[in-house]
Amino acid sequence: MTTHPEAAALLARSHRLGSDPRNTNYAGGNASAKGTDTDPVTGGDVELMWVKGSGGDLGTLTESGLAVLRLDRLRALVGTYPGVEREDEMVAAFDYCLHGKGGAAPSIDTAMHGLVDAPHVDHLHPDSGIALACAADGEKLTAECFGDTVVWVPWRRPGFQLGLDIAAIKEANPQAIGCVLGGHGITAWGDTSEECERNSLHIIRTAETFLAERGDAEPFGPVIEGYQPLDEAERRERAAALAPHVRAVASQDRAQVGHFDDSDVVLDFLARAEHPRLAALGTSCPDHFLRTKVRPLVLDLPPTAPLDEAVARLKELHAAYREEYAAYYQRHATADSPAMRGADPAIVLVPGVGMFSFGKDKQTARVAGEFYVNAVNVMRGAEAVSTYAPIEESEKFRIEYWALEEAKLQRMPKPKPLATRVALVTGAGSGIGKAIAHRLAAEGACVVIADLNGENAAKVAEELGGPDRAVAVTVDVTDEEQIASAFRAAVLAFGGVDLVVNNAGISISKPLLETSAKDWDLQHDIMARGSFLVSREAARVMIAQGLGGDIVYIASKNAVFAGPNNIAYSATKADQAHQVRLLAAELGEHGIRVNGVNPDGVVRGSGIFAGGWGAQRAATYGIEEEKLGEFYAQRTILKREVLPEHVANAVFALTGGDLTHTTGLHIPVDAGVAAAFLR
């Protein structure tokens with residue numbers, strides 16, 4: 001099917017506008033185009049509107065993300081509009097205006113695009129435009145900035161009535177190219193797609209210039225002594241130490257994934273005298289506080305305060321935040337309001353260190369942080385030329401607990417079993433570890449790919465979808481500092497760690513008399529000592545988070561089976577197996593479950609077997625190396641070869657939510673080796 005020329009032009013314009021964060025925030029705003037097409041029923045012409053649908057993003061918009069509506073039917077809704085008190089009903093009516101099937105669901109802003117008498121319309125959320133929209137004297141400043149070419153529209157919640165208001169303002173001001181929507185954003189229009197885009201950019205850039213030329217150079221006030229940013233290394237060290245405690249604050253109602261931002265914009269805001277006042281006012285643009293909550297939690301201590309003091313204060317502030325949020329809900333909730341969704345903050349600000357943002361997955365957490373940066377930019381612009389004056393708290397509540405937003409949340413797909421969980425897998429650059437990382441990511445986890453081979457780790461992280469899904473760390477598990485560094489990277493990437501898989505290992509297959517002390521030490525340093533060090537660091541993070549957790553050891557059939565020429569490997573596997581029991585007993589009080597998997601004969605894709613272990617074992621059994629997998633399969637009860645994916649399945653079985661009351665268990669994944677049955 002050929003894309004209609006107007007729709008194609010709309011998509012191209014959307015991509016250009018949406019690719020520049022100065023123009024609009026992620027998934028914020030919408031654009032439309034009107035044109036004539038052939039009605040497949042009558043064969044005659046039909047006037048249509050293509051508009052970005054609900055939940056889409058301008059920068060990545062595709063044709064399937066457009067809603068296509070008949071203009072005659074959409075505009076006929078004006079005659080049946082029941083008034084502002086029942087305007088939400090009009091969203092359901094949009095479905096009766098759709099042209100054909102497929103496409104995206106129409107958004108709440110559909111009326112704005114359809115009722116405004118212009119072939120092309122853009123509605124955007126630029127920081128510069130919202131700064132004027134959220135200034136105490138925004139109407140006056142808009143006139144000073146644009147004259148009569150851009151008209152002020154007083155705050156009104158998005159909906160059908162706002163569409164009628166803008167349509168009336170455009171009709172009454174034929175010289176205007178757009179408007180500033182109080183507390184919200186901008187809307188521009190044009191006779192062609194090019195003119196509409198040009199008008200949008202003119203409004204945005206003119207506002208930027210106005211704020212820069214007219215504005216106070218230090219709108220956030222002077223720097224507070226002692227609140228200056230720590231240097232980068234110290235700052236990130238402090239952030240990593242705080243991250244599990246901050247995640248605990250954000251996850252009391254439900255577990256969340258985190259994101260950390262220590263950009264200059266954030267650090268400068270938090271160093272300035274006015275940041276407590278402005279942060280307490282909260283954000284204004286509806287897109288902002290839907291993702292950032294009505295206001296952030298701000299740690300009111302300098303970054304050099306002792307860590308224990310900062311953690312204790314964080315807990316005090318969290319208790320107060322929850323009380324205040326519950327009171328906010330009670331002040332404004334009505335009998336038909338959705339239930340309170342949780343009282344934890346989505347944004348936690350730490351002066352001198354940075355911003356932690358949270359969400360149901362990494363992308364949501366990252367975008368929440370981006371939106372708060374937008375809000376800081378808005379505050380800066382508004383304070384530079386006036387006073388920041390966001391919409392009333394009651395209006396914020398109407399948006400946050402809007403029935404239409406609740407319905408959108410209810411339509412979202414059910415989360416995957418490991419959603420919100422952060423996993424760290426050692427030896428994940430190949431073989432069993434790689435298969436485990438792929439399975440955990442497929443089940444919704446964010447995954448830290450830890451491997452001695454950094455190139456392999458990076459490759460696996462890229463396979464899993466990049467930084468919103470997986471990050472790579474290079475780590476030698478025999479090195480305490482490298483392990484600590486890997487966990488610091490994990491908590492800065494995703495907020496914390498919930499699930500650790502001890503998989504890294506090597507194998508030295510030699511008879512007793514040929515096994516050197518160096519062989520023994522190397523084998524034990526990597527697997528026994530390495531697993532201990534990784535588990536110890538994992539426990540520190542998990543205990544600080546207070547969210548429980550899982551530690552899984554990839555041990556071996558050889559942990560319980562006595563075979564020839566394998567003293568170093570089998571002994572260290574037995575060590576790992578007993579670590580499972582010891583740590584299960586010790587960490588249970590913290591809700592941390594420790595279990596093991598005992599594979600055997602995992603030849604295909606195995607880094608250990610490819611690194612010489614396969615040749616050694618084949619020589620021990622007197623067979624060709626390429627037939628080793630087949631040999632192992634034939635000696636099992638089930639006569640089946642064990643693959644890395646089968647081990648990954650066992651890890652998921654232990655951590656996926658069905659075995660919540662199981663700890664200290666070893667699951668054999670060996671296709672049945674009677675001599676290795678657990679007794």
Side-chain angles (χ1 to χ4, degrees), residues 425-440 442-443 456 460 463 501-511 523 526-527 552-577 580 595-656 659 665-679:
V425 183
T426 66
S430 62
I432 291 173
K434 177 179 177 180
I436 292 168
H438 271 269
R439 180 62 192 272
L440 298 181
E443 299 294 348
N456 283 356
V460 174
E463 290 171 6
V501 181
N502 278 308
N503 171 73
I506 64 165
S507 188
I508 300 171
S509 175
K510 294 180 181 179
Q523 189 74 74
I526 292 173
M527 296 202 301
V552 179
Y553 281 68
I554 306 303
S556 171
K557 170 266 297 183
N558 288 344
V560 293
F561 172 78
N565 304 335
N566 212 9
I567 178 65
Y569 178 81
S570 295
T572 198
K573 283 299 183 184
D575 186 314
Q576 286 185 312
V580 168
N595 293 291
V597 179
N598 288 352
D600 183 48
V602 185
V603 178
R604 197 181 307 175
S606 168
I608 286 179
F609 276 93
W613 169 254
Q616 293 167 343
R617 299 315 293 164
T620 297
Y621 297 121
I623 61 172
E624 298 175 20
E625 184 178 355
E626 59 267 24
K627 294 185 178 180
L628 191 57
E630 179 184 338
F631 171 82
Y632 282 139
Q634 290 307 309
R635 72 181 188 180
T636 69
I637 295 170
L638 297 176
K639 302 295 189 288
R640 296 174 182 169
E641 184 175 356
V642 180
L643 302 177
E645 291 75 17
H646 301 140
V647 184
N649 293 343
V651 173
F652 174 65
L654 286 166
T655 60
L659 299 180
L665 173 70
H666 281 276
I667 297 181
V669 183
D670 56 14
V673 178
F677 284 175
L678 298 175
R679 298 179 174 84

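Just the heavy atoms: all of them, side chains too, but no hydrogens, waters or symmetry mates, feed the values below.
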Trainee: Of the non-hydrogen atoms in Y569 and N566, which two are nearest, and what is the gap between them?
Mentor: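 Distance-wise, the nearest heavy atoms are CB-OD1, 3.3 Å.
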Trainee: Taking G427's backbone N and O only, do any of them form a donor-acceptor pair with N503's side chain (distance below 3.5 Å, no angle check)?
Mentor: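 Such a contact is found between N503 side chain and G427 backbone.
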Trainee: Can you name the closest pair of heavy atoms from V425 and G433 and give their distance?
Mentor: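 Of all heavy-atom pairs spanning V425 and G433, the closest is CG1-O, 3.9 Å.
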Trainee: Say you draw a straight line from CD of Q634 to NZ of K627; how long is it, rounded to the nearest 0.5 Å?
Mentor: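 That separation rounds to 12.0 Å.
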Trainee: Spell out, as yes or no, whether a donor-acceptor pair under 3.5 Å connects the side chain of S509 to the backbone of N565.
Mentor: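 Yes; judged by distance alone, with no hydrogens or angles, the pair exists.
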Trainee: Sequence neighbours excluded, which residues qualify as side-chain contact (heavy atoms from CB on, under 4.5 Å) partners of N598?
Mentor: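 Partners of N598 by the side-chain contact (heavy atoms from CB on, under 4.5 Å) criterion, ordered by chain and then number, come out as A555, H666, L678.
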Trainee: Is any side-chain heavy atom of D600 less than 4.5 Å from a side-chain heavy atom of V642?
Mentor: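 No. Closest side-chain heavy atoms not under 4.5 Å.
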Trainee: What residues, two or more places apart in sequence or in another chain, satisfy side-chain contact (heavy atoms from CB on, under 4.5 Å) together with L665?
Mentor: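 Per chain and number, L665 pairs via side-chain contact (heavy atoms from CB on, under 4.5 Å) with N595, L654, T662, I667.
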Trainee: Of the non-hydrogen atoms in A437 and V460, which two are nearest, and what is the gap between them?
Mentor: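 That would be CB-CG1, 4.5 Å.
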Trainee: Could you measure the distance from the CD atom of E443 to the CZ atom of R439? Nearest 0.5 Å is fine.
Mentor: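 Reported value, rounded in 0.5 Å steps: 4.5 Å.
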Trainee: Compare every heavy atom of A435 with every heavy atom of A648, then report the nearest pair and how far apart it is.
Mentor: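 Nearest pair, atom of A648 first, then A435: CB-O, 3.5 Å.
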Trainee: Check this for me: K639, atom NZ, are more than 12 non-hydrogen atoms of other residues, nucleotides or ligands nearer than 6.0 Å?
Mentor: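 Correct, the count exceeds 12.
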Trainee: How long is the straight-line distance from CD of Q523 back to CG of D575, given to the nearest 0.5 Å?
Mentor: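 Going from the CG atom of D575 to the CD atom of Q523 covers 11.0 Å.
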Trainee: Looking at every non-hydrogen atom in both residues, tell me the closest pair between Y632 and V603 and how far apart they are.
Mentor: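 Closest approach of Y632 to V603: CD1-CG2, 3.7 Å.
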Trainee: What's the verdict on side chain to side chain contact (heavy atoms under 4.5 Å, CB included) for L440 and T655, showing C-alpha distance, side-chain angles and the deciding distance?
Mentor: CA-CA 9 Å; L440 298 181; T655 60; 4.3 Å; yes
Trainee: Could you measure the distance from the CD1 atom of I526 to the CD1 atom of I508? Nearest 0.5 Å is fine.
Mentor: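 The CD1 atom of I526 sits 7.5 Å away from the CD1 atom of I508.
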Trainee: Check whether any side-chain N or O of H646 sits under 3.5 Å from a backbone N or O of L643 as a donor-acceptor pair, and report yes or no.
Mentor: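 Here the side-chain-to-backbone pair exists.
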Trainee: How about P668 and V673: do any of their side-chain heavy atoms sit closer than 4.5 Å?
Mentor: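 Answer no - side chains too far apart.
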Trainee: Do you know which two heavy atoms are closest between E641 and G629, and how far apart they sit?
Mentor: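 Nearest heavy atoms, E641 then G629: OE2-CA, 3.8 Å.
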Trainee: For F631, enumerate each residue passing the ring pair (Phe, Tyr, Trp, His ring centres under 6.0 Å) test, keeping only those at least two apart in sequence or located in another chain.
Mentor: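 Testing F631 for ring pair (Phe, Tyr, Trp, His ring centres under 6.0 Å), a comparison that skips the adjacent residues, returns Y621.
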Trainee: Rounded to the nearest 0.5 Å, what separation is found between the CD atom of Q576 and the CE atom of M527?
Mentor: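 Nearest 0.5 Å value for the CD-CE distance: 5.5 Å.
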Trainee: Could you tell me the separation between the CD1 atom of I436 and the CD atom of E645, rounded to the nearest 0.5 Å?
Mentor: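 Taking CD1 in I436 and CD in E645, the distance rounds to 10.5 Å.
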Trainee: Counting only heavy atoms from other residues, nucleotides and ligands, does the tally under 6.0 Å from CZ of R640 exceed 12?
Mentor: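 No, because the 6.0 Å sphere around CZ of R640 holds 12 heavy atoms or fewer from other groups.
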Trainee: Please confirm whether the backbone N or O of V560 pairs with a side-chain atom of K573, one donor and one acceptor, at under 3.5 Å?
Mentor: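 Not a single qualifying donor-acceptor pair exists.
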Trainee: Is any side-chain heavy atom of T636 less than 4.5 Å from a side-chain heavy atom of D670?
Mentor: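 Side-chain contact under 4.5 Å: no.
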Trainee: Does some side-chain heavy atom of V669 sit less than 4.5 Å from a side-chain heavy atom of N649?
Mentor: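 When only atoms from C-beta onward are counted, V669 and N649 do not touch, as no gap falls below 4.5 Å.
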